[in-house]
2 protein chains.
Amino acid sequence: MVQTAPTLQDVARVANVSTATVSRCLNTPALVGEETRRKVMAAVTDLGYSPNFRARALVSGRSHTIGAIIPTMENAIFARGIQAFQEELADHGFTLLIASSSYREDVEEGQIRHLVSRGAEALLLIGHHRDPVNYRFLERQGIPALVAWVYDPDQPQMSIGFDNQSAMTGLAREVIAMGHRRIAAISAPRAANDRARNRIVGICDAMEEAGLDPATLDIVEAPYGIETGAEAFATLMTREPRPTVVMCGNDVLAAGALRQATQMGLRVPGDISITGFDDLELATLVEPQLTTVHVPHREMGRRAARVLVAQLDGGAADASIELQTRLCLRGSLAPPPDGDGGALGG
Amino acid sequence: MVQTAPTLQDVARVANVSTATVSRCLNTPALVGEETRRKVMAAVTDLGYSPNFRARALVSGRSHTIGAIIPTMENAIFARGIQAFQEELADHGFTLLIASSSYREDVEEGQIRHLVSRGAEALLLIGHHRDPVNYRFLERQGIPALVAWVYDPDQPQMSIGFDNQSAMTGLAREVIAMGHRRIAAISAPRAANDRARNRIVGICDAMEEAGLDPATLDIVEAPYGIETGAEAFATLMTREPRPTVVMCGNDVLAAGALRQATQMGLRVPGDISITGFDDLELATLVEPQLTTVHVPHREMGRRAARVLVAQLDGGAADASIELQTRLCLRGSLAPPPDGDGGALGG
DNA sequence: CGGCTTAATGTAAGCGCTTGCATTGAGGAC
DNA sequence: GTCCTCAATGCAAGCGCTTACATTAAGCCG
């Protein structure tokens with residue numbers, strides 16, 4: 001009943017040669033005589049033989065499998081990057097082993113060990129923030145790890161991504177240039193998320209630069225989601241005096257904020273401006289369209305795959321790669337209401 | 001330099017026991033003396049030992065890995081389902097091997113073989129449409145396959161999902177009840193996609209039921225995407241007489257159609273109604289909100305995982321599972337403009 | 001106190017494949 | 001004819017792990 005798949009041995013027996021010859025026939029046909037090759041190939045076809053990758057992986061020490069641990073695939077920015085990552089990996093003959101941490105540090109730690117023991121030859125990780133013990137573990141196991149979605153040459157780990165901090169500074173400069181002075185932010189929880197942290201720091205940088213006191217930046221943290229973004233926005237609207245602009249840590253939070261604003265009867269950008277980050281498709285679907293920062297997720301995924309494959313194949317290059325973001329100025333950002341905005345520090 | 005990971009042997013040497021004892025200590029600790037266990041565990045921690053999955057898989061004949069082949073993770077409905085699938089799998093000690101077909105049949109065929117030879121013990125596939133040779137291959141290899149995102153008890157393959165056809169019929173009934181007679185549809189390419197196909201058939205069913213001629217259903221096919229949805233919508237608006245409602249095969253196409261409508265100066269639903277399918281988050285973010293069909297993607301993913309794991313562990317249940325969809329009537333659907341809509345078939 | 005059971009551990013045989021080395025035989029060079 | 005080379009093939013040693021079976025040392029019985 002349980003049909004065991006034919007093995008190299010079976011093929012060898014049928015073709016009346018040794019297993020070594022069959023193996024060579026499949027991997028280095030040049031070393032095998034023509035006559036023999038034909039015989040072996042016939043047996044292979046005949047038996048419907050397909051090599052057992054587990055055995056091959058064991059003996060060659062290579063699994064041609066790369067692991068990725070992301071917070072969740074439900075976040076479009078990860079889905080997009082991982083999709084490109086997987087495609088590029090496939091082009092190089094690698095397979096993707098995937099796990100998700102749900103943004104939980106302890107879960108991620110388990111996943112790292114799990115994927116490694118499952119034979120992942122290299123790992124794609126999101127963000128630098130992580131107990132150093134994990135990096136030590138990976139090093140000891142000889143598993144290259146690439147940190148993505150961030151770029152930070154100061155970190156010992158190789159990374160590919162963009163500078164969250166300066167990208168947000170760029171956006172905040174625009175906001176300030178428009179005349180906004182009372183700035184609020186909705187951020188993803190920052191405790192275990194250096195991306196979120198750096199984006200906030202980016203806003204502070206721009207404020208300082210413009211002579212505003214970063215301490216006046218009103219920050220509310222909200223987990224990823226439309227609803228949570230909406231709630232956070234509602235909270236911010238109770239502040240006295242009310243901010244004239246709400247800068248969100250990502251487009252999804254911004255979309256939630258936008259919906260809440262509409263629901264509260266506030267006009268965007270007439271009464272209040274809102275900005276996002278990531279430039280997801282939904283940024284151009286909402287009304288008004290979201291001012292945001294475009295991030296090259298696909299390219300990041302693609303290049304991350306290349307870096308890891310190169311590392312595995314040649315032990316090559318290991319310099320971090322910085323990708324450029326691009327400001328997308330759209331309808332959701334405009335100058336603050338008449339004469340308002342400078343009331344605070346100005 | 002290339003630090004080889006510690007092996008069972010290394011642990012055994014350090015703990016001064018045999019490899020068998022170490023193995024037992026890790027797998028069946030009850031069989032090992034307390035003192036010894038402590039010694040071994042210390043060595044394990046000390047060396048940062050992590051079992052070599054390839055060897056374990058080879059000898060046990062089990063990889064505890066399940067493969068999934070989806071069109072693309074960029075489509076939120078798949079990302080969402082797969083996320084739940086992966087989480088549930090992890091809870092049962094299985095790992096997810098993932099591949100994407102980009103909606104291409106030939107690519108998918110390659111992926112099936114690839115994942116199997118990579119040690120996937122079971123496969124999650126999307127939709128029934130597929131060369132039967134693939135099902136035969138899987139059967140011969142003894143790999144259970146679960147077809148998801150559809151439910152069709154008439155197919156030999158086990159499936160978990162919903163009835164695309166009747167779900168769409170339900171929506172179309174509402175549309176017709178509102179007074180629409182000139183109906184158009186934007187569908188994903190149907191050639192290799194039974195889901196898309198069945199949704200169109202569902203519309204036809206409702207038309208027939210209402211005494212409308214299904215041949216008058218104006219169908220334009222468009223690949224997944226906002227832009228393509230917008231283009232398809234523009235095409236439909238050139239028809240004479242113009243449809244009073246455009247039913248889209250999914251929310252993303254609908255969002256594109258909606259944007260295009262706005263751009264063309266058409267009021268939705270005043271001048272024209274638009275419907276979607278899936279009930280993605282974006283359905284409630286656009287203005288007006290999208291009338292659509294809610295699909296329990298997460299539940300589907302979760303249950304798919306359970307079915308496969310049960311099958312692998314116990315060779316259990318193999319009945320297809322039908323999940324229920326739910327109509328979401330929202331702002332984008334309303335009766336056709338005054339006196340319009342019945343002009344065609346009377 | 002000899003023989004039995006039992007718990008704890010070791011021994012070693014593979015799992016299916018690759019690959020370094022040995023073997024064989026034929027063709028050339030001298 | 002002898003020796004060497006070289007292409008074609010076989011032999012057998014693992015890769016790191018699990019596990020059936022063997023071994024050892026107690027612990028217990030009568």
Side-chain angles (χ1 to χ4, degrees), chain A residues 2-41 43-44 47-65 113 116-121 140-143, chain B residues 2-41 43-44 47-65 116-119 121 141-142:
Chain A
V2 175
Q3 183 124 10
T4 32
T7 72
L8 238 210
Q9 282 234 39
D10 298 328
V11 177
R13 198 175 313 119
V14 170
N16 201 27
V17 296
S18 73
T19 59
T21 301
V22 178
S23 174
R24 275 189 287 258
C25 208
L26 265 25
N27 302 308
T28 49
L31 297 182
V32 178
E34 183 150 350
E35 171 83 4
T36 315
R37 193 163 50 216
R38 248 199 306 276
K39 244 186 351 189
V40 171
M41 284 322 198
V44 166
L47 272 62
Y49 171 75
S50 151
N52 179 325
F53 269 65
R54 286 164 274 191
R56 188 183 289 215
L58 176 58
V59 62
S60 70
R62 301 216 43 186
S63 65
H64 284 277
T65 299
R113 285 166 209 253
V116 167
S117 78
R118 274 294 150 84
E121 290 186 46
R140 189 138 79 173
Q141 294 275 336
I143 310 277
Chain B
V2 175
Q3 185 126 8
T4 34
T7 73
L8 239 211
Q9 284 235 37
D10 297 329
V11 178
R13 197 176 313 117
V14 170
N16 200 28
V17 296
S18 74
T19 60
T21 301
V22 178
S23 174
R24 274 189 288 259
C25 208
L26 264 27
N27 301 307
T28 49
L31 298 182
V32 177
E34 183 148 351
E35 171 83 4
T36 314
R37 193 161 53 217
R38 248 199 305 278
K39 241 182 0 187
V40 171
M41 285 321 200
V44 165
L47 270 63
Y49 170 76
S50 151
N52 179 322
F53 160 74
R54 290 160 276 190
R56 188 188 290 224
L58 176 59
V59 62
S60 71
R62 298 213 47 183
S63 65
H64 284 276
T65 298
V116 167
S117 75
R118 272 290 200 281
E121 289 186 48
Q141 296 274 336

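No experiment lies behind these values; they were computed from the predicted model shown.
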Student: Rounded to the Å, how far apart are A:Asn16 CG and D:dG10 C1'?
Tutor: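 It is 12 Å, rounded to the nearest whole Å.
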
Student: List the steps and the verdict of side-chain contact (heavy atoms from CB on, under 4.5 Å) for B:Leu26 and B:Met41.
Tutor: CA-CA 8 Å; B:Leu26 264 27; B:Met41 285 321 200; 4.1 Å; yes

Student: Strictly below 4.0 Å, heavy-atom distances to any atom of DNA chain D: list the hits from residues 31-38 of chain A, or just say none.
Tutor: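 Contacts with DNA chain D under 4.0 Å: A:Leu31, A:Val32, A:Gly33, A:Thr36.
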
Student: Do any N or O atoms from the side chain of B:Arg37 and from the backbone of B:Pro29 form a donor-acceptor pair under 3.5 angstrom?
Tutor: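 Indeed, once roles are kept as given, a pair shorter than 3.5 Å links the two residues.
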
Student: Grab the N/O contacts between the protein and nucleotides 13-19 of chain C below 3.5 Å, and write none if there aren't any.
Tutor:
| residue | atom | partner | partner atom | Å |
| --- | --- | --- | --- | --- |
| C:dC17 | OP1 | A:Tyr49 | OH | 2.4 |
| C:dC17 | OP1 | A:Asn52 | N | 3.2 |
| C:dC17 | OP2 | A:Leu8 | N | 2.3 |
| C:dT18 | OP1 | A:Asn27 | ND2 | 3.1 |
| C:dT18 | OP1 | A:Arg56 | NE | 3.3 |
| C:dT18 | OP2 | A:Ser23 | OG | 2.6 |
| C:dT18 | OP2 | A:Asn27 | ND2 | 3.4 |

Student: Look at the side chain of B:Gln9 and the backbone N and O of B:Thr19, then say whether any donor-acceptor pair between them is shorter than 3.5 Å.
Tutor: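 The answer is no, because no donor-acceptor pair under 3.5 Å joins these two groups.
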
Student: When rounded to the nearest 0.5 angstrom, what distance separates CG in B:Leu47 from CG in B:Leu8?
Tutor: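 So the gap between those two atoms works out to 11.0 Å.
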
Student: Is there side-chain contact between B:Lys39 and B:Glu35, with heavy atoms separated by less than 4.5 Å?
Tutor: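 The answer is no; the side chains never approach within 4.5 Å.
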
Student: Any sub-3.5 Å donor-acceptor pair from A:Gln141's side-chain atoms to A:Arg113's backbone N or O?
Tutor: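 Judged by distance alone, no pair lies under 3.5 Å.
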
Student: Centre of A:Phe53's six-membered ring, under 6.0 Å away, within 45 degrees of the axis: is that where NZ or CZ of A:Arg56 sits?
Tutor: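 Ring-cation test returns yes.
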
Student: Under 4.5 Å between any side-chain heavy atoms of B:Val17 and B:Thr36, yes or no?
Tutor: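 The answer is yes; the side chains approach within 4.5 Å.
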
